[in-house]
A.B. asks: 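Just passing along the structure, written as C-alpha cells.
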Amino acid sequence: MRTTTHSTTADLDTAVPPQRPLPTHCPPTDEDPSLRAAYRLCRRTTRVHDPEIYVLIQLMPAVLRPAGWALWAAATVLDDLADQQDAEPAERATRVEAWTQALQCDLVAGTSGDPVRQALVDTALRWRLDLSSLRGAMNSTRDDARGRHFADWAAWRSWCSEGVVPWVDQVRHLFEQAGVPMTLRLGRQQDYQRFIDGAQLTDVLTDLSADLAQGDLLLPQEALDAFPGAEDALRQGKWSPATAALIRELTALARQWVTRPAMTRGMHPGPAIVLDAAACLMRAQLDAVDAAGHSLLKRAPRPSLAARTRILVPARIRSKLAWSLTPLTMPGPRRPAATVRGPSAEAESTTLRPPPPHSAGARPPQIAADRMPAHVAVIMDGNGRWAEQRGLPRPEGHRVGTAAAHEMVYGALEIDLRHLTLYAFSTENWKRDTEEITTILEEIRRDLDEGPIRDLDVRQRWLGHPDKLPEELVQALVREERRTRNRTGLTLTVCINYGGRDEITRTAAALAQAAHAGDIDPGLIREDDFARHLPHPDMPDVDLLWRTGNEQRTSNFLPWYTTYAELYFTPDYWPDVDRRDLWQAIAEYSRRQRRHGGAGQ
C-alpha cells in the first residue's frame, strides 16, 4: 500500500466543520498512558502522511477511529521503511521484514515497545482482528523496496490486490465487528475491484514526481507502449505531447474506475457515505492531476480547499446523522494474546498441521507428475438417499456427508492435488424441504467455524451468489477466504448457492458492462477476456469431474471449466466414500489418454 502527502493537514482540517471532541475519539482505554500516547501518534501519523485517509476515518463512528489510525499508521510505517533512500533496496526490504516479524512477536506478547505496533496489537486484540491476511500485503511492501515493473494491466492489478485489499479488508472487518457489515464485496465484487484499482491509479498519478525521483515508474508497460515516447520522456523528467496524452488517458480511466455508484447500493448509509466521499475526493484529485500539466513531474498536485470543502462538509453532516441513528456493538474485553493470529502466523510451520492419517493406514498411490490432474471437481451426490436407506431423516445424510468432505481434503493434501472444488449447494437446491436446506447451510457454517480443516495448509474459497443465503454464513465464508488467502497448499473451492448458467450469465453481463465502459473492444472479445470476468479468473480448468450417487449428469456444475474434463461416475452414495475413492478416481484419470482435439498416439 502506498500513501500520499499531497495535501496539508491544516487545509483539510478547515474543510470540515468543527465539532466537540467526544470521549470515544480517545483510545479505548484510560488506564494505560503509553497506549493512549501510541494511539495519538498513530492519529498524527495518519493525519500528516495520508490526510485524505484521515478525513475519511473521521467519517467513521468515533469508536472505530483509533483502530483506523492504528491500521493506516502501520501501513505508513512499512511504506516509509520500503522507501528510505539511506539504504540499498535489499536493506530496505530487510527492515520491512524485521518490522513484520517483530509484529508477530508483539501479538504473542500482547503489547509492544514500538508505539505504532503497540496500537495495532491493541486494536487486533480489542476488535478480534485476524492480521494473518496482512502477510501478503507486507510481503508486497517488502518487494516494493526492490523496485517494480508491470508487463500489463493484469500484473498491475495483481499488485493492487495484494498490497491494498488486505488493509481495506481489515477496515471492513472493523465495521462488521461494530455490527454494521460492509457487504460490498459480495454482490458487487467487480465494482469493488475496479474501485480499488482506481484508488491505486489515482495514487500513482499523484505521486508520479516522487516516484520518478526514486527511479520508479509504477505504470504497466502495456499502458506506456500505447503512447510511444511517453516512457522515455517521463524517465527523463520531460513533458511531451505523448506524456500529456498518456496522463489524460490514465486520469480518465481512473475517474471511470472510482465512479461505481452501484457498489454501495443497499449498504448501510454509514459506510456508504465513507465510500462515496472517498470517490468524490479521488475525482477531485484527478481533476488536479489533469490541471497540473508539466508541473505534475515536479510536485504532487492537490485539489483546492473549496473543492474538498464541497465534498467533506455535507459528508460529515450525513455521517454524523447516520451514526447517531445506528446502534453499534462496542468492543468487549481484550482477547488473550495467545489466541491472536498475526501476519507471520500462516508462514510458520507450527501453525499448520498435516492431515490425519487414514484410519486403516492407507497411503496414496504413486502418480507421475505429468499424469496428475491439476483440478478435480466433485458432485457430492447421495446424502439424502443414504439416510433414507437407513430409515433416517434426509438431513442426517448431510451431517454424515461432512466427514466424507473432510476425507476428500485429507486425501487431496496427501496426494498433492493443487485444486479441489466441491459442489455443496446449487441454485436448484432451494426447491428442497426447508428442514433439509437449513441443515445443509447450518452444517457448512458450523464446519467453517469449528471444522478440522481450519489448521491445514488449505486456501479456502467460495463460489456462488449471496442472494438468499443467511448473513452469518456469508460472513463466515468471506472470513475464511480472508483468513486463508496466503496459504500455498491445496486450494479448496466450495460451491454454495452456485449455478453454472447463472455464473455464465453474470459473467456475460460483466463483460458487456466492461465493453460499454470502454474497457474492452466488443469486436475483439476472446475467450480469455471472458475468463478474466469470471468470479475466480485464476481457477484452472477442471481436469477430472467426479460424481457419486450412481447418477451420470453434470447438473449445471462448472460448465465453463469442464469443457474438456474427464468424467468419472461411481455408484456409492457420498457418505460412504473416503480419501481412497479420490485416489482411485485420480488413478483412473492417470490411465486415460487426453487428446484435446488431437489425433492421439
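Numbering starts at 1 and runs along the sequence shown. This is a predicted model, so every value here is computed, not measured.
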A.B. asks: Is a donor on one side and an acceptor on the other found under 3.5 Å between the side chain of T570 and the backbone of D572?
C.D. replies: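 Between the backbone of D572 and the side chain of T570 there is no qualifying donor-acceptor contact (under 3.5 Å).
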A.B. asks: Where do P166 and S161 come nearest, in terms of heavy atoms and distance?
C.D. replies: CD-O, 3.3 Å
A.B. asks: Charged N to carboxylate O below 4.0 Å: is that the case for E388 and R385?
C.D. replies: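 No, E388 and R385 are not salt-bridged.
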A.B. asks: Mind checking whether T548 and W386 have side chains closer than 4.5 Å, heavy atoms only?
C.D. replies: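 The answer is no; the side chains never approach within 4.5 Å.
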A.B. asks: Is atom CZ of R501 surrounded by more than 12 heavy atoms (other residues, nucleotides or ligands) closer than 6.0 Å?
C.D. replies: no
A.B. asks: Checking R95 against E91 for the salt bridge (charged side-chain N to carboxylate O under 4.0 Å, His left out) test, could you report, in this order, the C-alpha distance in whole Å, the side-chain angles of both residues, the deciding distance, and whether it holds?
C.D. replies: CA-CA 6 Å; R95 291 175 184 178; E91 173 60 25; 3.2 Å; yes
A.B. asks: May I ask you to decide whether R454 forms a salt bridge with E480, counting only side-chain N to carboxylate O separations under 4.0 Å?
C.D. replies: yes
A.B. asks: Under 4.0 Å between a side-chain nitrogen and a carboxylate oxygen: does that hold for E588 and R592?
C.D. replies: yes
A.B. asks: Answer yes or no: is there a donor N or O on one side and an acceptor on the other, between the side chain of S158 and the main chain of A155, under 3.5 Å?
C.D. replies: no
A.B. asks: Go through the steps for T493 and H419 under the test side-chain contact (heavy atoms from CB on, under 4.5 Å), then give the verdict.
C.D. replies: CA-CA 8 Å; T493 304; H419 290 266; 5.6 Å; no
A.B. asks: Should D381 and W574 count as side-chain neighbours, where that means a heavy-atom distance under 4.5 Å?
C.D. replies: no
A.B. asks: Does the pair D455/R353 count as a salt bridge with the N-to-O cut at 4.0 Å?
C.D. replies: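 No salt bridge links D455 with R353.
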A.B. asks: Look up atom CG in N383 and atom OH in Y573, then write down how far apart they are to the nearest 0.5 Å.
C.D. replies: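 Taking CG in N383 and OH in Y573, the distance rounds to 11.0 Å.
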A.B. asks: Can you tell me how far apart CZ (R461) and SG (C495) are? Round to the nearest 0.5 Å.
C.D. replies: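 One finds 10.5 Å between CZ of R461 and SG of C495.
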A.B. asks: Give me the atom names and distance for the closest heavy-atom approach of V96 to M138.
C.D. replies: CG1-O, 3.8 Å
A.B. asks: Between atom CH2 of W72 and atom CG of D79, what is the distance when rounded to the nearest 0.5 Å?
C.D. replies: 11.5 Å
A.B. asks: Can you find a heavy atom in the side chain of I415 that is under 4.5 Å from one in the side chain of I586?
C.D. replies: yes
A.B. asks: Any carboxylate oxygen within less than 4.0 angstrom of a Lys/Arg side-chain nitrogen, looking at R579 and E407?
C.D. replies: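 E407 and R579: salt-bridged.
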A.B. asks: Applying side-chain contact (heavy atoms from CB on, under 4.5 Å) to F530 and I504, what does each step give before you reach the verdict?
C.D. replies: CA-CA 9 Å; F530 188 92; I504 288 177; 4.0 Å; yes
A.B. asks: To the nearest 0.5 Å, what is the distance between CG (D447) and CD (Q460)?
C.D. replies: 8.0 Å
A.B. asks: Do you know the tightest heavy-atom contact between P575 and A404?
C.D. replies: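 Distance-wise, the nearest heavy atoms are CA-CB, 4.4 Å.
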A.B. asks: Quick one: are Y561 and L534 in side-chain contact, heavy atoms under 4.5 Å?
C.D. replies: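 In contact.
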A.B. asks: Kindly say whether R126 contributes a backbone atom to a donor-acceptor pair with the side chain of R128 at under 3.5 angstrom?
C.D. replies: yes
A.B. asks: Would you call R532 and D529 a salt bridge, using N to O less than 4.0 angstrom?
C.D. replies: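 Result for this pair is yes, salt bridge flagged.
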A.B. asks: With no hydrogens and no angle check, is any side-chain donor or acceptor of T554 less than 3.5 Å from a backbone partner on F557?
C.D. replies: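 Not a single qualifying donor-acceptor pair exists.
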A.B. asks: I need the L469 CG to W430 CH2 distance, nearest 0.5 Å.
C.D. replies: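 Here the interatomic distance stands at 5.0 Å.
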A.B. asks: Taking NZ, NE, NH1 and NH2 as the nitrogens, is one of them in D538 or R459 under 4.0 Å from a carboxylate oxygen of the other?
C.D. replies: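 Salt bridge: yes.
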A.B. asks: Is there a donor-acceptor pair under 3.5 Å between the side chain of Q177 and the backbone N or O of W127?
C.D. replies: yes
A.B. asks: I would like to know whether L120 and Q170 meet side-chain contact (heavy atoms from CB on, under 4.5 Å); could you show each step before the answer?
C.D. replies: CA-CA 11 Å; L120 184 59; Q170 293 296 329; over 6 Å; no
A.B. asks: As a quick check of understanding, evaluate side-chain contact (heavy atoms from CB on, under 4.5 Å) for L558 and Y498, giving each step before the final call.
C.D. replies: CA-CA 9 Å; L558 301 176; Y498 172 85; 3.6 Å; yes
A.B. asks: Could you please spell out the steps behind the side chain to side chain donor-acceptor pair (under 3.5 Å) verdict for T439 and R432?
C.D. replies: CA-CA 11 Å; T439 298; R432 297 188 179 187; over 6 Å; no
A.B. asks: Taking atom OG1 of T491 and atom CE of M539, what is their separation to the nearest 0.5 Å?
C.D. replies: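 Between atom OG1 of T491 and atom CE of M539 there are 9.0 Å.
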A.B. asks: To check you understand the geometry: which heavy-atom pair defines the closest contact between L174 and G68, and what is its length?
C.D. replies: CD1-N, 4.3 Å
A.B. asks: Among T421, D543, D541, which one satisfies side-chain hydrogen bond (donor to acceptor under 3.5 Å, both in side chains) with H375?
C.D. replies: T421
A.B. asks: Hey, mind stepping through R547 and S555 against side chain to side chain donor-acceptor pair (under 3.5 Å) and telling me if it holds?
C.D. replies: CA-CA 10 Å; R547 181 173 188 147; S555 296; 2.6 Å; yes
A.B. asks: Could R399 and E396 be called an ion pair, given the rule that one side-chain N must be under 4.0 Å from one carboxylate O?
C.D. replies: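 So R399 pairs with E396 through a salt bridge.
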A.B. asks: Are any side-chain N or O atoms of N497 and backbone N or O atoms of G464, one a donor and one an acceptor, separated by less than 3.5 Å?
C.D. replies: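 Here the side-chain-to-backbone pair does not exist.
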A.B. asks: Of all heavy-atom pairs between L463 and P535, which one has the smallest distance, and what is that distance?
C.D. replies: CD1-CB, 3.7 Å
A.B. asks: Do the non-hydrogen side-chain atoms of R172 and Y192 ever get within less than 4.5 Å of each other?
C.D. replies: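 They are in side-chain contact.
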A.B. asks: Run the numbers on D197 and W156 for side chain to side chain donor-acceptor pair (under 3.5 Å), then give the verdict.
C.D. replies: CA-CA 9 Å; D197 293 344; W156 187 89; over 6 Å; no
A.B. asks: Decide, yes or no, whether a salt bridge links D449 with R479 under the criterion of side-chain N to carboxylate O below 4.0 Å.
C.D. replies: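 Yes.
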A.B. asks: Taking all heavy atoms of I367 and all of A587, pick out the closest pair and write down the distance.
C.D. replies: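 Closest pair (atom of I367, atom of A587, distance): CD1-CA, 4.1 Å.
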A.B. asks: Without swapping roles, check the side chain of R394 against the backbone of E435 for a donor-acceptor pair under 3.5 Å.
C.D. replies: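 Absent.
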A.B. asks: Just so I know, are the side chains of E436 and N429 near enough to count as touching, which here means a heavy-atom distance under 4.5 Å?
C.D. replies: no
A.B. asks: Within the side chain of W583, is there an N or O that forms a donor-acceptor pair under 3.5 Å with the backbone of G411?
C.D. replies: yes
A.B. asks: Could you please spell out the steps behind the side chain to side chain donor-acceptor pair (under 3.5 Å) verdict for H358 and D578?
C.D. replies: CA-CA 9 Å; H358 187 265; D578 68 11; 2.9 Å; yes
A.B. asks: Contact between L448 and L473 at the side-chain level, heavy atoms closer than 4.5 Å - yes or no?
C.D. replies: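 When only atoms from C-beta onward are counted, L473 and L448 do touch, with a gap below 4.5 Å.
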A.B. asks: Are P373 and V542 side-chain neighbours, meaning at least one heavy-atom pair lies under 4.5 Å?
C.D. replies: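 No, their side chains stay 4.5 Å or more apart.
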